[in-house]
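This report refers to the structure that appears directly beneath it.
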Protein chains: 2
Amino acid sequence: MKINEIKNKLVDKGLKVTPQRISILEAIIKLNNHPTAENIIDYIRKNQPNIATATVYKVLDALVENELIRKVKTDRDFMRYDAIMENHHHLYCSVSDRIEDYHDDELNDLLEKYFESKGIPDFKIEDIKLQIIGRFMKSKK
Amino acid sequence: MKINEIKNKLVDKGLKVTPQRISILEAIIKLNNHPTAENIIDYIRKNQPNIATATVYKVLDALVENELIRKVKTDRDFMRYDAIMENHHHLYCSVSDRIEDYHDDELNDLLEKYFESKGIPDFKIEDIKLQIIGRFMKSKK
DNA sequence: AACTTAAAGTAGAATAATTCTCTTCTAATA
DNA sequence: TATTAGAAGAGAATTATTCTACTTTAAGTT
């Protein structure tokens with residue numbers, strides 16, 4: 001993703017464009033295994049050694065707030081982030097921290113039709129995500 | 001759930017039966033909105049004011065390890081626990097911390113058949129959970 | 001029923017992810 | 001280029017959870 005695309009994302013949301021915000025968004029896109037704040041900080045400090053920890057956390061909050069990134073639900077005690085906003089699901093490794101994206105439009109249709117006809121009493125569905133837990137048969141390339 | 005049922009769960013897993021473990025399992029079952037460790041500690045201390053924080057955390061780990069409870073995946077920074085081990089999904093409120101169980105065997109069948117025929121390359125599925133995000137139309141009774 | 005001991009519980013300190021406070025800086029607009 | 005609201009920075013504070021170094025206890029054995 002080009003720097004200009006990232007800038008446009010920020011401008012479109014009415015956010016000020018700062019070098020820190022660009023680096024952070026870039027880092028989440030590059031670090032494609034749903035990075036933690038720490039992963040992001042380590043990655044950025046290679047080129048920008050002076051970025052403050054608090055800045056990263058504040059920017060992450062702002063990006064989540066403005067729907068440029070998402071928090072990933074896990075059962076671990078640190079947050080992970082995802083720069084892919086289009087509808088997709090996650091494959092969780094049952095023996096490691098690895099999380100991969102799973103895109104499947106056919107599945108999305110199936111679920112949409114299922115709940116459209118069935119519904120859930122007293123609940124208005126806004127989004128459905130699958131957590132698919134299991135084992136990866138190949139290590140990450 | 002009777003105390004004896006809880007005791008049996010512990011015995012079946014080869015865990016020593018202690019008052020602390022019984023109280024903690026009881027609390028998770030009673031506090032049915034997927035309690036945090038803090039919720040559990042507060043609840044238990046009403047009757048057992050001296051239980052140590054570390055005990056609760058250690059027992060929770062032991063119970064998860066022995067598959068008597070499960071961690072619930074969230075995008076918040078504290079852990080939540082679930083005493084229901086049978087296959088079910090979760091309704092997450094998009095504006096509060098409320099999480100409710102969603103049982104649906106028809107859905108489970110649908111998903112099972114879908115993935116049985118389709119599969120996911122290089123991934124062995126062990127479990128599938130839906131995170132259904134949305135709004136509750138009624139407050140909790 | 002008492003003896004033994006590995007496992008469990010306790011208190012409080014330690015850790016680590018995240019947040020807060022308050023000051024300085026800067027992006028965006030006039 | 002001057003203005004200023006919003007952003008970044010540094011480091012302290014907070015808070016959920018874990019660790020350490022004990023003491024106690026459950027449950028099998030005598």
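Since this is a predicted model, take the numbers as computed values, not measurements. Sequence lines set the chain letters: A, B, ... in the order given, protein chains first and strands last, and positions in each chain run from 1.
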Applying a 4.0 Å non-hydrogen cut-off, can you work out what B/T55 is touching in the nucleic acid: base, sugar-phosphate, or nothing?
base
Checklist entry - Can a side chain N or O of A/Q20 be found less than 4.0 Å away from OP1 or OP2 on D/dG9? => result yes
Rounded to whole Å, the CG-P distance (A/N50 to D/dG11) equals 11 Å
Distance-only, no hydrogens or angles: does the A/R70 side chain make a donor-acceptor pair with backbone N or O of A/M85 under 3.5 Å? yes
| said: Looking at B/I99, is its backbone amide N or carbonyl O close enough to the side chain of B/N33 to form a donor-acceptor pair, meaning the two atoms are under 3.5 Å apart? | reply: yes
Rounding to 0.5 Å, atoms CG (B/L31) and CG (B/N39) come to a distance of 6.5 Å
Between CD1 of B/I44 and P of C/dG9 the distance, given in whole Å, is 11 Å
Applied to residues 71-84 of chain B, the salt bridge (Lys or Arg N to Asp or Glu O under 4.0 Å) test, sequence neighbours excluded, yields A/K73-B/D75, A/D75-B/K73, B/R76-B/D97
Checklist entry - Salt-bridged, A/K7 to A/E5, with N to O below 4.0 Å? => result no
Taking five pairs at each terminus, the helix from C/dA1-D/dT30 to C/dA30-D/dT1 shows an axis bend, to 10°, of 40°
Could you pull out all donor-acceptor pairs under 3.5 Å where a side-chain atom in residues 43-58 of chain B meets a protein atom, sequence neighbours excluded?
from, atom 1, to, atom 2, distance (Å)
B/R45, NE, B/I51, O, 3.1
B/R45, NH2, B/I51, O, 2.8
B/R45, NH2, B/T53, OG1, 3.3
B/Q48, OE1, B/S23, OG, 2.4

In whole angstroms, the gap separating P of D/dT25 from CG of B/L10 amounts to 18 Å
Q.
Whether A/T18 contacts D/dA8 is assessed here as follows: a side-chain N or O lying under 4.0 Å from the phosphate OP1 or OP2. Is that the case?
A. yes
- With no hydrogens and no angle check, is any side-chain donor or acceptor of B/N66 less than 3.5 Å from a backbone partner on B/L68? no
ring-ring contact (aromatic ring centres under 6.0 Å, His included) evaluation trace for B/H89 with B/H103:
CA-CA 6 Å; B/H89 308 284; B/H103 294 265; 8.7 Å; no
Query raised in the report: Counting only N and O atoms by type, is there a donor-acceptor contact under 3.5 Å from the side chain of A/S117 to the main-chain atoms of A/Y114?
Result: yes
So the salt bridge (Lys or Arg N to Asp or Glu O under 4.0 Å) pairs with at least one residue in residues 123-136 of chain A (sequence neighbours excluded) are A/E126-B/R135, A/D127-A/K129, A/R135-B/E126
Comparing B/V56 with A/V17, nearest DNA chain C nucleotide closer to 5' gives the residue B/V56
Between CG of B/L60 and C1' of D/dC19 the distance, given in whole Å, is 17 Å
note: B/I41, atom CD1; C/dG12, atom P; distance rounded to Å ~ 15 Å
- Query: Should the pair B/F123 and A/F136 be assigned to parallel (<30°), tilted (30 to 60°) or perpendicular (>60°) ring geometry?
  - Reply: perpendicular
Might you list the N or O atoms of the protein lying below 3.5 Å from N or O atoms in nucleotides 15-21 of chain C, with each pair's distance?
from, atom 1, to, atom 2, distance (Å)
C/dT18, OP1, A/M79, N, 2.8
C/dT18, OP2, A/Y57, OH, 2.5

Correct closest heavy-atom pair for B/I69 and B/A83 would be CG2-CA, 4.1 Å
Between CZ of A/R76 and C1' of D/dT17 the distance, given in whole Å, is 13 Å
Between CG of B/L25 and P of C/dA8 the distance, given in whole Å, is 14 Å
Rounded to whole Å, the CD-P distance (A/Q48 to D/dA7) equals 17 Å
Kindly give the atom pairs (protein nitrogen or oxygen, nucleotide nitrogen or oxygen) under 3.5 Å for nucleotides 1-7 of chain C.
from, atom 1, to, atom 2, distance (Å)
C/dA7, O4', B/K16, NZ, 3.3

